[in-house]
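Quick notes on the structure that follows.
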Amino acid sequence: MANAPNNLQIRVHSRRGSNMIHPLSAESPPPAAAYTEVKHFKKWVPWLIPFFVVANTVVFFVTMYVNNCPKNSLSCVAGFLGRLSFQPFKENPLLGPSSSALEKMGALDVDKVVYQHEGWRLITCMWLHGGVFHLLANMLSLVVIGIRLEQEFGFVRIGLLYLISGFGGSLLSSLFIQSNISVGASGALFGLLGGMLSELITNWSIYANKVAALVTLVLIIVINLAVGILPHMDNFAHIGGFLTGFLLGFVFLIRPQFGWVNQRYSPVGSPAPPSPKFKTYQCILWVVSLILLIIW
């Protein structure tokens, strides 16, 4: 059209703020320039991660109701809560239920998975928490990390990353913890952390402040691993979830190169050298990660 602007600016919504390099046209567009939201960098409205937070919280309250501390213990913490009161600190320092209550709710018990064919425990243990402190730490990390990931990559990819990582954490936990029950809700969270790390690696060129991103990730990982030494915590689930999420991140969270994006969304007839959608190292990481996931 005769009144169409000569330049097209690509507006990119990103969760990383000033740490990101945004693909824009080389020349500044006129005030009346048309904006196009690039589907490869679309900002999603998060709803799945908040749903996971609510679901985990509801399951914890149900677990405390099933626990019924006044009926099974002589002394309970916060006894005014009645049936929702916590087990004594010497039994559970995380302000939570007893091991028997967690087992009733579906905590991972390898003997029951193997000999009683209760494979569903590999899934149910993902939604359980050892106590209030465990729940708060996980939900805070899930909100901070998960919502930003869902905003950038959408609920389908992040939902699959969360669930598959949790299952991977349960599998690794079942191989190493066979004498005690465990809850693996943190495994899914570590899957998101692993996905963030692999996303940082495979999309290296879009980060302006790579050191800050790495330091943030390492700090969160160390804190959560430290929590794993407490009762009912399962660092094998953490490690399994992290490794699964790390590999899935190369598959699910790969980004096209900005040169390819600019070329695709440039006005018709604009001279632009051909640019590949993905770099060679991105493709190699994608293939290797997919093969390792299949083997796993």
Side-chain angles (χ1 to χ4, degrees), residues 50-143 162-163 166-167 169-190 222-241:
F51 172 79
F52 284 161
V53 172
V54 172
N56 278 280
T57 304
V58 169
V59 170
F60 180 74
F61 275 100
V62 173
T63 304
M64 293 308 304
Y65 183 83
V66 171
N67 182 62
N68 194 7
C69 180
K71 182 179 179 180
N72 302 305
S73 299
L74 296 177
S75 62
C76 300
V77 179
F80 62 89
L81 294 176
R83 186 163 182 154
L84 298 179
S85 57
F86 310 109
Q87 294 298 120
F89 277 112
K90 62 180 180 179
E91 182 179 349
N92 188 342
L94 297 179
L95 287 179
S98 63
S99 297
S100 59
L102 288 171
E103 186 176 358
K104 290 178 182 178
M105 291 297 296
L108 182 59
D109 186 331
V110 176
D111 287 338
K112 291 188 176 182
V113 171
V114 175
Y115 300 110
Q116 300 182 26
H117 308 291
E118 296 181 359
W120 47 269
R121 290 181 178 272
L122 294 170
I123 304 296
T124 55
C125 69
M126 293 166 46
W127 304 94
L128 297 174
H129 288 82
V132 173
F133 297 143
H134 186 202
L135 178 69
L136 290 177
N138 275 356
M139 294 305 100
L140 178 60
S141 299
L142 181 58
V143 168
Y162 182 89
L163 296 174
F167 182 73
S170 298
L171 286 178
L172 188 65
S173 177
S174 64
L175 294 176
F176 291 93
I177 299 182
Q178 301 184 0
S179 58
N180 299 317
I181 66 171
S182 63
V183 290
S186 300
L189 172 61
F190 267 81
V222 169
I223 291 175
N224 281 274
L225 284 175
V227 174
I229 65 176
L230 296 173
H232 302 311
M233 300 300 102
D234 185 358
N235 259 340
F236 289 108
H238 295 174
I239 296 171

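What's counted below: heavy atoms across the whole structure, side chains too, no hydrogens, waters or symmetry copies.
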Side-chain contact, heavy-atom cut-off 4.5 Å: [X] with [Y]?
| X | Y | value |
| --- | --- | --- |
| Leu108 | Val183 | no |
| Phe52 | Met139 | no |
| Asn56 | Asn138 | no |
| Lys112 | Glu103 | yes |
| Leu95 | Phe89 | yes |
| Pro70 | Ser85 | yes |
| Phe86 | Asn92 | no |
| Ile239 | Leu172 | yes |

Please find the pair of heavy atoms, one from [X] and one from [Y], that lie closest to each other, and give the distance.
| X | Y | value |
| --- | --- | --- |
| Asn72 | Asn67 | ND2-O, 2.8 Å |
| Met126 | Ser170 | CG-OG, 4.1 Å |
| Val113 | Gly119 | CG1-CA, 4.2 Å |

Original post:
Counting distance only, does the side-chain N/O of Thr124 pair as donor-acceptor with the main-chain N or O of Gly106 below 3.5 Å?
Top reply: yes

Subject >> Gly169 backbone acceptor or donor facing Ser173 side chain under 3.5 Å >> reply: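 Side chain of Ser173 to backbone of Gly169, a donor-acceptor pair under 3.5 Å: no, none is there.
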
Just how far is it from atom [atom1] of [X] to atom [atom2] of [Y], taken to the nearest 0.5 Å?
| X | Y | atom1 | atom2 | answer |
| --- | --- | --- | --- | --- |
| Phe236 | Leu175 | CZ | CG | 10.0 Å |
| Ser141 | Leu189 | OG | CG | 5.0 Å |
| Cys125 | Asp109 | SG | CG | 11.0 Å |
| Tyr65 | Leu81 | OH | CG | 14.5 Å |
| Asp111 | Ser174 | CG | OG | 11.5 Å |
| Glu91 | Ser75 | CD | OG | 9.0 Å |

**OP:** Verify whether one side chain among Gln87 and Ser73 offers a donor that lies under 3.5 Å from an acceptor in the other.
**Re:**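 There is such a pair (donor and acceptor under 3.5 Å, judged by atom type) between the side chains of Gln87 and Ser73.
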
Original post:
So, His129 versus Ser186: side-chain donor-acceptor pair below 3.5 Å or not?
Top reply: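 Per modelled atom types, His129 and Ser186 side chains form no pair under 3.5 Å.
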
**OP:** Examine Phe60 together with Trp127 and report whether their ring centres are nearer than 6.0 Å.
**Re:** no

